[in-house]
Protein chains: 2
Amino acid sequence: MRIGSPDHEWREDCAPRRVLEIFSSKWTSMILHVLDTRHKGCARTGVLQRSLPGISKKMLTQTLRDMEADGLVTRRVYGTVPPAVDYTLTLLGKRFVEPIELLYGWGRANADALDDLAARRTKDA
Amino acid sequence: MRIGSPDHEWREDCAPRRVLEIFSSKWTSMILHVLDTRHKGCARTGVLQRSLPGISKKMLTQTLRDMEADGLVTRRVYGTVPPAVDYTLTLLGKRFVEPIELLYGWGRANADALDDLAARRTKDA
DNA sequence: AGACATAGACACCTTGAGGTAACCACATGC
DNA sequence: GCATGTGGTTACCTCAAGGTGTCTATGTCT
């Protein structure tokens, strides 16, 4: 697959491709959004789960732990006896809220285009 | 997994989630971008492949055919004897270029944030 | 007593996206 | 004659994302 491409603006590690990786995990962007928009940047596990219809407990914690490793959120554990944990957006995490809002905003404003896509998909099925 | 969620702004079929589906396929957004930005909305198969380092012949045609089914591009075949085919952005396809440019643009302007992410990832490895 | 919530850990499974490689048909160039 | 480029198709394989279900421990509520 060697290509003597004169244009390396499209290498594997270019900025655009790296942005896409943020969205490669199904829930990451939604968690960032919900955390920022609905919970002022900090929320407990249960609250988050209830904010995201369809997410399983496993995927929620798994994604959150990955995000913690990436420095997007901070995990805080309270030694209380019914365990309590909450997650807070870091500064880095807040930066990534911006492109997400950009995208979601576009989606809300262009629902008709999305409808067109969906219509085609169901039609040929 | 039934949740009597009071907030259905986050149902499975809300606009934000549907936008994400555009990016759920690895190459779709890049093809749309390259087609629009580098080739004025129309290009032959081979040209596209050479514009996208790393894509295999199979993934390219497969993605293009899916995009055709979705009404994002138009496929044109020339009956010439070394087969010639080209793909043209449709009006719908052009609409989806916008959010992609939004995202890619953010990525280019915020490469430092992306670097931070990458740094964390390699550090804990 | 027993149900329920809280935040996980762990085992397990399925699905499909994505990738590799080989083959086809044909015309041109060496 | 033989290699090459064109645009595919087809078979095959792999890996990891995502999902389900169960188990833990403990404290309140009824």
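Letters A, B, ... mirror the listed sequences (proteins, then strands); counts begin at 1.
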Just to be sure I understand the rule, does B:T80 reach a base, reach only the sugar-phosphate, or reach nothing, if contact means heavy atoms closer than 4.0 Å?
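Counting heavy atoms under 4.0 Å across all strands, no contact is made by B:T80.
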Output the rounded distance in Å from [atom1] ([X]) to [atom2] ([N]).
X: B:D66; N: C:dG18; atom1: CG; atom2: P; result: 10 Å
X: B:R17; N: D:dG18; atom1: CZ; atom2: P; result: 13 Å
X: B:L48; N: D:dG8; atom1: CG; atom2: C1'; result: 15 Å
X: B:L52; N: C:dG19; atom1: CG; atom2: C1'; result: 16 Å
X: B:E68; N: D:dG7; atom1: CD; atom2: P; result: 15 Å
X: A:Q49; N: C:dA5; atom1: CD; atom2: C1'; result: 12 Å
X: B:I55; N: C:dT20; atom1: CD1; atom2: C1'; result: 14 Å
X: B:M59; N: C:dG16; atom1: CE; atom2: C1'; result: 11 Å

Looking at every heavy atom in both A:G93 and A:L32, which two are closest together, and how far apart are they?
O-CD2, 4.2 Å
Hey, is the side chain of A:S24 poking within less than 4.0 Å of OP1 or OP2 on C:dA17, counting only N and O atoms?
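Checking C:dA17 against A:S24, no side-chain N or O comes under 4.0 Å of OP1 or OP2.
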Under 4.0 Å from OP1 or OP2 of C:dA21: is there any side-chain N or O of B:S56 that close?
no
Keeping A:T90 on the side-chain end and A:G71 on the backbone end, is there a donor-acceptor pair under 3.5 Å?
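Indeed, once roles are kept as given, a pair shorter than 3.5 Å links the two residues.
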Kindly say whether A:W106 contributes a backbone atom to a donor-acceptor pair with the side chain of A:N110 at under 3.5 angstrom?
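Confirmed, A:N110 side chain pairs with A:W106 backbone.
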Tell me whether A:V85 shares a hydrophobic cluster with A:V47, the cluster being built from Ile, Leu, Val, Met, Phe, Trp, Tyr side chains joined at under 4.5 Å.
no
Would you say A:L48 and A:V77 are hydrophobically clustered, going by side-chain heavy atoms of ILVMFWY under 4.5 Å?
yes
Any salt bridge between B:R76 and B:D86, counting N to O under 4.0 Å?
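Salt bridge present between B:R76 and B:D86.
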Residue pairs involving residues 59-69 of chain A (criterion side chain to side chain donor-acceptor pair (under 3.5 Å); sequence neighbours excluded)
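Qualifying pairs: none.
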Base versus backbone protein contacts along nucleotides 6-12 of chain C [heavy-atom cut-off under 4.0 Å; B, S, -]:
BSBSBB-
